[in-house]
Amino acid sequence: VPFEIHRTVDEIRSRVVEWRNEGLSVSLVPTMGGLHAGHLALIKHAEMIADRVVVTLFVNPTQFNNREDLTTYPGNEVDDMKQLVTTGVAALYAPSPEVMYPKGFSTAVHVDASAGILCDRHRPGHFDGVTTVCAKLFNQIPAQTACFGEKDYQQLFVIRRMVEDLNLSILIEPVPTIREEDGLALSSRNARLSKEQREAAPILHQVMIDTVASIHDGLPISKALEQGASTIERTGCFELEYFELRRQRDLDLAHSLDEPCRLFVAASLGTVRLIDNVAV
Ligand code: PAF
């Protein structure tokens, strides 16, 4: 069955309302296109928990704090559709920027939790763009669940916070990160890595694994973090933004393993910014 493509709020909303009225459950997979196996894992998860899956494709301009990143963001609607037909997705919602941000648009959702740390420190305004577009998508599409990858852990965190704070009636489903065989976390931006950069990129995950092992072996956390950061820097390939252990619950810095923590990294290879995190 070919999936449906909807471009306007009225179209997608009335279709999803129809499904809901028939008693079908609906799950949402928000994307910016450039679909890869990580997105397919989100879709698989959505298919497992719902009768109908809606994928959204919208390269959201308000979450790009860097113009070049926006104009070079990988993605091609035709390629994305070729991948989607191999899945059981029921509908693709691909609105234009004018549908999402009509003239006069002047509202934003700002989540204060985790402001000034991790990616927010390095991409000011990025998460306001993310939360605003997600709030819009959740309101446009009355799904019961929405699936987000753990790779963008801070994104998952701010979206959950927003849903709780604003009493949005949607359940956020986290989906584990998908990796290449060499450990590199899948990301649409990986397509922009040169051959040499692609070879260097898995170092990030390797260093994270080694750091987690050192911590579990009893090396003091601060020492293990220092060691990991300097290993990344000594390669001479990366511009390291952060390498930090934080509590899963509130993303505060962690100084012990008394509760679930995650190790977070962000580093640029040339102009390509990579992020990753693992549970500790
Ligand atoms: O993770 C992404 O692809 C984007 O940040 C999202 C959630 C689709 C919002 O534009």
Side-chain angles (χ1 to χ4, degrees), residues 6 9 12 27-46 53-67 69-77 79-80 83-84 89 91-101 105 107-111 114 118-120 122-141 143 145-163 166 168 170-178 185-192 264 266 272-277:
H6 298 292
V9 179
I12 188 67
S27 189
L28 195 63
V29 179
T31 84
M32 299 201 298
L35 299 186
H36 51 64
H39 295 109
L40 298 182
L42 296 179
I43 291 170
K44 259 209 194 94
H45 184 88
V53 175
V54 177
V55 169
T56 74
L57 194 172
F58 179 64
V59 182
N60 176 31
T62 66
Q63 72 185 73
F64 286 84
N65 53 314
N66 174 332
R67 231 200 119 64
D69 191 29
L70 171 62
T71 52
T72 61
Y73 196 81
N76 167 317
E77 202 177 280
D79 288 347
D80 289 338
Q83 295 205 57
L84 288 178
V89 165
L92 171 69
Y93 174 53
S96 66
E98 292 70 32
V99 163
M100 287 304 260
Y101 300 112
F105 186 89
T107 301
V109 179
H110 171 78
V111 175
S114 93
L118 297 172
C119 289
D120 186 61
H122 298 272
R123 303 185 69 189
H126 164 70
F127 287 115
D128 287 1
V130 169
T131 46
T132 302
V133 82
C134 286
K136 285 174 66 71
L137 291 171
F138 297 166
N139 282 324
Q140 292 172 352
I141 304 167
T145 54
C147 302
F148 289 89
E150 286 184 343
K151 199 217 134 216
D152 299 298
Y153 203 85
Q154 192 175 12
Q155 165 169 286
L156 179 63
F157 175 84
V158 295
I159 288 169
R160 281 175 147 164
R161 188 74 244 174
M162 168 184 76
V163 165
L166 299 183
L168 303 184
I170 194 156
L171 196 79
I172 303 303
E173 287 277 329
V175 180
T177 303
I178 303 293
L186 293 199
S187 160
S188 306
R189 290 191 181 84
N190 293 352
R192 296 200 337 228
F264 292 90
V272 186
R273 186 174 180 275
L274 301 177
I275 62 172
D276 200 354
N277 70 91

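Below, all heavy atoms of this structure are taken into account, side chains as well, without hydrogens, waters or symmetry copies. Counting starts at 1 for both ligands and their atoms, in listed order. Owing to the predicted nature of the structure, the values given are computational and were not obtained by experimental measurement.
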For the residue pair T145 and E173, confirm or rule out a side-chain donor-acceptor distance under 3.5 Å. no
Please identify each residue that fulfils ring pair (Phe, Tyr, Trp, His ring centres under 6.0 Å) with H45, with sequence neighbours left out. none
Residue and atom name of the nearest protein heavy atom (relative to atom 10 (O) of ligand 1), distance in Å to one decimal: Q63 OE1, 2.6 Å
Listed partners of Y153 passing ring pair (Phe, Tyr, Trp, His ring centres under 6.0 Å), at least two apart: F264
Report the part of T31 in contact with ligand 1, treating N, CA, C, O as backbone and CB onward as side chain, heavy atoms under 4.0 Å; options are side chain, backbone, both, neither. backbone
For V133, the ligand 1 atoms with a heavy-atom partner under 4.0 Å come out as 9 (C), 10 (O)
Could you label the plane-to-plane angle of the F105 and Y101 rings as parallel, tilted or perpendicular, counting under 30° as parallel and over 60° as perpendicular? perpendicular
Do you see a donor-acceptor pair shorter than 3.5 Å between the side chains of D80 and Q83? no
Please identify which atoms of ligand 1 are closer than 4.0 Å to at least one heavy atom of F148. 7 (C)
I'd like to know if R192 and D69 make a salt bridge, using a cut-off of under 4.0 Å between side-chain N and carboxylate O. yes
Which residue holds the protein heavy atom closest to atom 5 (O) of ligand 1, what is that atom called, and what is the gap in Å? Q155 OE1, 2.7 Å
Considering non-hydrogen atoms of the protein only, which is the closest contact for atom 3 (O) of ligand 1, and what is the distance? M32 CG, 3.7 Å
Which of the ligand 1 atoms, numbered from 1, are nearer than 4.0 Å to a heavy atom of P30: 8 (C)
